[in-house]
Amino acid sequence: MIGIDEMETLPRAGMESIQLQRLQTLVARVYDRVQPYREKMDRVGIKPAHIRSLADLRRLPFTTKDDLRDNYPYGLFTVPMDDVIRLHASSGTTGKPTVVGYTEADIQLWSSVMARCLAMADVHRGDLVHNAYGYGLFTGGLGAHYGIEALGATVIPVSGGNSKRQVTIMRDFGSTVLLSTPSYALNLADAMVDAGIDPAELKLRVGIHGAEPWSVHMRQEVERKLGLRAVDIYGLSEIIGPGVAMECLHSEHGMHILEDNFLPEIVDPNTMEPLPLGEEGELVFTTLTKEALPLIRYRTKDISRLTLEPCACGRTLIRMAKVSGRTDDMLIIRGVNVFPSQVEHVLMGIDGVEPHYQLEVSREGNMDVMAILVEVSERIFSGEIKVLERLSRSIQMEIKDMLGVSCKVRLVEPRSIQRSEGKAQRVIDRRTQ
Ligand code: DLL
C-alpha cells in the first residue's frame with residue numbers, strides 16, 4: 001500500500017537540493033538535445049553551467065503553448081520517436097492540438113505521481129475506483145487508470161458518457177471512489193435522481209474532481225448530492241496530465257504539488273516577474289524528471305497562489321490554492337475584467353439557483369453585453385412569476401455589486417443547459433462570430 005512518500009515530508013533544504021540537482025541535469029539535457037531550447041537560451045546568453053542555485057531558474061526563458069505549436073507535433077521531444085511509447089493531445093480552443101509524448105520511464109513516473117495523489121485522499125488497495133474521466137487522447141482517463149493500478153486499487157474504466165449506465169454500475173459494482181470532472185459529477189447526481197437511486201444506497205466515499213475550475217460552493221453541491229467527500233486534483237497535459245497536485249483530506253486550503261517532479265513558480269502575467277509566496281498570479285511549472293517532453297518554465301495561464309504553511313497531514317510539499325481562473329478565460333466586459341469563476345461564486349451563494357450556468361457575451365452596437373443563463377430549481381421554476389422576477393433581479397444586483405458590471409439574467413428551466421461529459425463549456429462568446 002502507498003502511504004506518504006518520503007519525498008513528501010522532506011525538510012525544505014532537502015527538497016531544494018534535490019530540485020537543484022534535477023534542474024541542472026534537465027537544463028543540460030534540453031540544451032544538448034533540443035534546438036529550439038538551445039536557441040532561446042543562447043539568445044539570452046545563458047548556458048547550463050550558469051544554473052548554480054534554484055534562484056537561477058528565473059534566468060531561463062519561459063516556454064509557452066505557442067512554442068509547442070511552432071514545433072508541432074514532435075519538435076520539442078528530447079528522445080527519438082522509437083523511445084516514445086504513448087502520445088496524448090489536448091485540443092485548445094483554436095488551432096492545432098498540443099501533442100505530448102511519454103517514454104516508458106515517463107509512464108512509470110506518471111503512474112507513480114498519480115498513485116501518490118490518490119493516496120492523499122486515502123484511496124487504497126481494496127477500493128473500487130469508478131474512473132469517469134474520458135479515455136482517449138485526453139490525459140484524464142488513462143493517466144488516472146495507470147495510477148489506480150499502481151496503487152493496487154481496482155479500476156473500473158468506465159470513461160465518460162451514458163450517465164444512466166454509469167449510476168447502475170456504481171451501485172451494482174459497489175464503487176467506493178468516483179473520478180470525474182466536477183460538472184460531470186453533477187450530471188451523475190441528476191442521473192441518480194432519474195433512476196430513483198438514493199446516493200445513500202451507494203458505497204461512494206470520496207470523489208476526486210479536476211480538469212476544470214470549480215468553486216468551493218460547487219464542492220458543497222457535489223458532496224451534498226452524491227454523499228461523498230469531494231477533493232480537487234490538478235494537472236495539465238503539457239506537464240504530465242492529472243497528478244501534478246492534489247488536495248489531501250486535511251487540506252481545505254490547497255493542493256500539495258509533487259514538487260520533487262514539478263517545480264512551481266508564480267509570476268506576474270504582465271511583467272513576467274516571479275511573485276513572492278502568497279501572491280496571486282500565473283502558475284508556471286518546470287518538469288524536473290520527465291524524459292520525452294520536459295518543459296522549462298511552462299506558462300500554464302492558470303491563476304493561483306503558493307503557500308508553504310504546514311498541513312495537518314504532515315506533508316511538507318508546497319501547496320497551490322484552488323485555481324481561480326485562467327488568464328485567457330478572462331472576459332473584458334465594457335472594460336471590466338470578469339472571470340467565469342467569480343460569476344459562479346456569486347450564483348452559488350443564491351438560494352434556488354442550480355450549479356449549471358453559462359455566460360453569453362455578445363455585442364449590441366458598440367457595447368458588450370453579458371447574459372447569464374442560470375438554471376433554477378424545479379420548485380422555483382414552477383412557482384410564481386414574481387418569485388422568478390425577484391430572483392432574477394437579485395442575481396443582477398449581486399453581480400453588479402461584486403463584479404461592477406451589469407448583466408442580463410435569463411432564468412432557464414432545470415436541465416436545459418447542455419451537459420458535458422468532460423469539461424463544462426461556461427462561456428459562449430458571440431463577439432468574434
Ligand atoms: O485537464 C488533466 C487533468 C485530468 C487534470 C483529470 C485533473 C483531472 P488538460 O486537458 O491539458 O489536462 O487541461 C489542463 O485544465 O491548465 C487548467 O486550466 C484546467 N484544470 C485542470 N485541473 C484543474 C483543477 C487536464 N483542479 C487545464 N482546477 C489546466 C481548475 C483545472 N482547473
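Here the structure is a predicted model, which means the values were calculated and not measured. Below, each value reflects all heavy atoms present in this structure, side chains not excepted, and no hydrogens, waters or symmetry copies. Indexing begins at 1, ligand by ligand and atom by atom, following the structure's order.
- Note: no N/O pair closer than 3.5 Å links Ser90 and ligand 1 by distance alone.
- Thr139 places no side-chain N or O within 3.5 Å of a backbone atom of Ile240 that could act as its donor or acceptor partner.
- Side chain of Tyr184 to main chain of Gly422: no donor-acceptor pair is present (N/O by atom type, distance under 3.5 Å, no hydrogens or angles).
- Ligand 1 has no N or O atom lying under 3.5 Å from any N or O atom of Thr300, backbone or side chain.
- Contact annotation for Arg326 and ligand 1: only side-chain heavy atoms (C-beta onward) come within less than 4.0 Å of the ligand.
- Residue Gly210 has at least one heavy-atom neighbour below 4.0 Å for each of these atoms of ligand 1: 7 (C), 8 (C), 26 (N).
- Residue Val323 has at least one heavy-atom neighbour below 4.0 Å for each of these atoms of ligand 1: 30 (C).
- Annotation: Asp232 places an N or O atom under 3.5 Å from an N or O atom of ligand 1; distance criterion only.
- Only the side chain of Lys423 comes within 4.0 Å of ligand 1, counting heavy atoms alone; its backbone N, CA, C and O stay farther away.
- In this view, Arg59 satisfies the side-chain hydrogen bond (donor to acceptor under 3.5 Å, both in side chains) rule with no residue, not counting sequence neighbours.
- Lys65 and Thr98 are linked by a side-chain donor-acceptor pair at a separation below 3.5 angstrom, with hydrogens and angles left out of the test.
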* Would Trp110 and His88 satisfy ring pair (Phe, Tyr, Trp, His ring centres under 6.0 Å), going step by step from the backbone distance to the final call? -> CA-CA 13 Å; Trp110 193 8; His88 281 279; 5.5 Å; yes

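- The option with the heavy atom closest to atom 3 (C) of ligand 1, from among Ser324, Gly143, Pro242, Cys117, is Pro242.
- Under 4.0 angstrom from ligand 1, the non-hydrogen atoms of Leu236 come from both its backbone and its side chain.
- Within 6.0 Å of atom OH in Tyr146, 12 or fewer heavy atoms from other residues, nucleotides or ligands are found, so the atom counts as exposed in its surroundings.
- Considering Ser341, Ser304, Ala211 only, the shortest heavy-atom separation from atom 7 (C) of ligand 1 involves Ala211.
- Remark: ligand 1 atoms within the under-4.0 Å shell around heavy atoms of Thr139 are 2 (C), 12 (O).
- Between Ala211 and Thr181, the shortest heavy-atom distance links the atoms CB-CG2, 4.1 Å.
- For ligand 1, the atoms closer than 4.0 angstrom to any heavy atom of Glu212 are 20 (N), 23 (C), 24 (C), 28 (N), 30 (C), 31 (C), 32 (N).
- Heavy-atom contacts of Tyr133 reach the following atoms of ligand 1: 6 (C), 8 (C) (cutoff under 4.0 Å).
- Here the side chain of Thr63 pairs no donor or acceptor atom with the backbone of Leu295 at under 3.5 angstrom.
- Taking a cut-off of under 4.0 Å to the non-hydrogen atoms of Gly140, the atoms of ligand 1 that pass are 4 (C), 6 (C).
- A side chain to side chain contact (heavy atoms under 4.5 Å, CB included) with Ser163 holds for exactly one of Thr168, Leu188, Asp194; it is Leu188.
- At the shortest separation from atom 11 (O) of ligand 1 among protein heavy atoms lies Ser237 OG, 2.5 Å.
- Salt-bridge annotation for Glu309 and Arg319: absent, with no side-chain N of the basic residue lying under 4.0 Å from a carboxylate O of the acidic one.
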